[in-house]
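Each remark here refers to the structure printed beneath this line.
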Amino acid sequence: MLDINFIRNNPEKVKQAIAHKQENAASVDQLLELDAQRRSLIHTCEQLKSRRNEKSKEVSELKKRGHDASGIIGETKKIGDEIKSFEEKLNGLEPQIQNLLLRIPNIPAADVPIGKDANDNVVVKTWGQRKTFDFTPLPHWELGHMLNILDLERSSKITGSGFILLKGPGAKLERALFCFMLDLHTREHGYTELFPPFLVNRTSMTGTGQLPKLEEDMYRTSPDDLFLVPTAEVPVTNIHRDEILPYKDLPVYYTAYTPCFRREAGSYGKDTRGIIRVHQFNKVELVKLVRPETSYDELESLLGNAEKVLQLLGLEYRVVKLSTGDMSFAAAKCYDIEVWAPGADKFLEVSSCSNFEDFQARRMNIRFRDEDGKLRFVHTLNGSGLALPRTVIAILETYQNKDGSITIPDVLQPYMGGIRIIARQG
RNA sequence: GGAGAGGUGGCUGAGCGGCUGAAAGCGACGGUUUGCUAAACCGUUGUAGAGACAAAAUCUCUACCCCGGGUUCGAAUCCCGGCCUCUCCGCCA
């Protein structure tokens, strides 16, 4: 959420941001019009209330001295009725304004490339060497099926398409990966490990910006109106909602493993093969709450923390700076990390590292007291570190051998209980 | 799921229709004293919104004692609904 004051003073900047982000956002003009109405109503209301307070005091004085106050009481009652009618108008207006405000996207940072969509993203880094094979590398869905570690037929039976059943060493690989990632981020990168709830309420979903815009894409439970988390970002960032953090506590670094649930409404028919796009997947998330002055440096180090996972796994990847058109609603700046999948023959997004500046913090009312004792909003950041299925894809496809077996990368071996190679069973 | 108790400022905790933005204590900050530390003493110590000012400083007003409604000239205080916390009982991984 942007500061209404900022919108008032910079309507053109906001409109430009909406255009650059290709957002179907709320109308700035309509918002400002309602905002003006609101302020004028508040003004009248407060003047009336001031009058009422004075009169009430008079009543009190009169009564104390044993005089009759019925005249003033009648008068004051009338003021009260007036106030009520203005307040009703105000109460009608405020949710409308709030709703519009929640539908205005964040402003892209100055160094974000302006563009229409993913085609205008800029590759800022590549890492690792393209693996060469003396045979044709297979896609992960064939490897998984052959090795009997990925059973998509049965998971469809259990739930439906887009859900995964991992078996034996496949399941162990999944567990090894998120354990490895959590250990890396807590031991080497200074993050505090958390294990948050997997269901969150509507307020939390609104705080991080999934609602109201993306309700279609979320799994919602009835009758409790709770949502399955689409990312650990939601429960973790909301930990400090409505809190004032001491200056000395910043920056705060959290990491958490959670499953993530996404309906992927609107992307039917995309990435249908294998486990590139699924409704439930595991992810280790990195979240930071920081001082505003440091947030762009913190974004770079967060990105580095996520990259480290791929470097240690020895997987080729590239870092892409997203253009305005491809960036999410709440982000001011965002890097994607894409890992190379030789079997699928393409780069797959495994992490999205974003700085939201104070956009989420304002929604969630997360503040800190700076050195001068003034209250300010923190800046929030997050990034995957990393999303698991696509990392698994890259591992299977990169480390496949001619006979279809998979060599486990060195850093994962301690987590694999002695398994060095996943080979065909029986 | 059943029964009860309760939610007040950074914290503890009083108030239970007007004199209360809220006692007292603790903490924090500033000062005096002190060779330093401690102690003692004095002072300060909420947030948000609207308006005034070109703007900052500042000033005025309004609101906020979990949230939302109601009663009343007037609500932290009374009534109703919700949320949350705690205790006891039942059930259960």
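The shown structure was predicted, so the numbers you read here are calculated from the model rather than taken from an experiment. Letters A, B, ... are given to chains in the order of the sequence lines, protein chains preceding strands, and every chain is numbered from 1.
- Going from the P atom of B/G21 to that of B/C66 covers 16 Å, rounded to whole Å.
- Aromatic ring pairs are classed by plane angle as parallel below 30°, tilted from 30° to 60° and perpendicular above 60°; the pair A/Tyr257 and A/Phe178 is parallel.
- Side-chain atoms of A/Glu46 and base atoms of B/G49 include a donor and an acceptor less than 3.5 Å apart.
- Among residues two or more places apart in sequence or in another chain, the salt bridge (charged side-chain N to carboxylate O under 4.0 Å, His left out) test is passed with A/Asp68 by none.
- No engagement by A/Arg362 is indicated, since no non-hydrogen atom pair under 4.0 Å with the nucleic acid exists.
- In this structure, A/Phe359 has its ring center closer than 6.0 angstrom to the ring center of A/Phe329.
- If you check every strand for non-hydrogen atoms under 4.0 Å, A/Lys57 touches nothing.
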Close N or O pairs between protein and nucleotides 76-84 of chain B (under 3.5 Å):
none

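- Ring geometry for A/His189 versus A/His185: interplanar angle of 30 to 60°, hence tilted.
- Residue A/Lys77 has a polar side-chain atom (N or O) positioned under 4.0 Å from OP1 or OP2 of B/C73.
- Among the heavy atoms of the strands lying under 4.0 Å from A/Thr76 are primed sugar atoms or P, OP1, OP2 only; no base atom is included.
- The side chain of A/Arg367 contributes no N or O atom lying less than 4.0 Å from OP1 or OP2 of B/G46.
- A/Ile42 comes within contact range of the sugar-phosphate backbone alone, with a heavy-atom separation under 4.0 Å but no base atom that close.
- Note on A/Leu375: only backbone sugar-phosphate atoms sit closer than 4.0 angstrom, heavy atoms only; bases stay farther off.
- Using a 4.0 Å heavy-atom cutoff across all strands shown, A/Lys49 reaches sugar-phosphate atoms only and no base atom.
- The phosphate of B/U47 (OP1 or OP2) has no side-chain N or O of A/Asn365 nearer than 4.0 angstrom.
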Might you list the N or O atoms of the protein lying below 3.5 Å from N or O atoms in nucleotides 67-71 of chain B, with each pair's distance?
none

